[in-house]
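Residue indices begin at 1 and follow the sequence shown. Remember, predicted model here, so these are calculated numbers, not experimental data. Excluded from the calculations below are hydrogen atoms, water molecules and symmetry mates; all remaining heavy atoms, backbone and side chain alike, are included.
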Amino acid sequence: MLALSCQIAKDNGCSQIELACNQLRKDAHRFYTREGMNNFHFKFSKRLPDCDSQQNMLGR
């Protein structure tokens, strides 16, 4: 699936592909590194006051 995604991106003139992955998913990190991806970014998130949603919380 990753190879196909890269090919579709290339065919459409993209110069790179990016993804976001939870910090706890160490196996996924190893997979993406093994596939030639580099970790150049940090993603920062902030929960908004009075928000009951449990989505996008680290470790949940």
Side-chain angles (χ1 to χ4, degrees):
M1 189 181 300
L2 180 59
L4 179 59
S5 298
C6 290
Q7 188 60 53
I8 291 169
K10 185 176 177 181
D11 291 347
N12 285 280
C14 297
S15 61
Q16 69 181 29
I17 190 168
E18 296 184 5
L19 63 91
C21 185
N22 189 296
Q23 292 178 15
L24 300 177
R25 299 190 65 210
K26 303 297 184 187
D27 290 338
H29 302 165
R30 284 189 289 276
F31 169 78
Y32 293 125
T33 300
R34 189 172 55 243
E35 293 299 311
M37 298 190 84
N38 298 295
N39 184 6
F40 291 124
H41 299 85
F42 290 106
K43 177 183 174 187
F44 295 91
S45 300
K46 179 178 179 178
R47 289 187 41 85
L48 299 176
D50 302 321
C51 181
D52 293 331
S53 174
Q54 298 297 308
Q55 292 182 340
N56 296 326
M57 291 182 62
L58 184 61
R60 298 205 180 179

Trainee: Under 3.5 Å, which donor-acceptor pairs link side chains of residues 32-40 to any protein atom two or more places apart or in another chain?
Mentor:
residue : atom : partner : partner atom : Å
Thr33   : OG1  : His29   : O            : 2.9

Trainee: Mind checking what makes side chain to side chain donor-acceptor pair (under 3.5 Å) contact with Asp11, not counting sequence neighbours?
Mentor: Gln7

Trainee: Quick one: hydrophobic cluster around Leu4, which other residues, with the 4.5 Å side-chain cut-off, linked directly or via members?
Mentor: Ile8

Trainee: Can you tell me which residue pairs pass the salt bridge (charged side-chain N to carboxylate O under 4.0 Å, His left out) test with a partner in residues 21-33, sequence neighbours excluded?
Mentor: Asp27-Arg30

Trainee: With sequence neighbours excluded, what pairs up with Asp50 under the salt bridge (Lys or Arg N to Asp or Glu O under 4.0 Å) test?
Mentor: none

Trainee: Could you list the residues that satisfy side-chain contact (heavy atoms from CB on, under 4.5 Å) with Glu18, not counting sequence neighbours?
Mentor: Gln16, His41

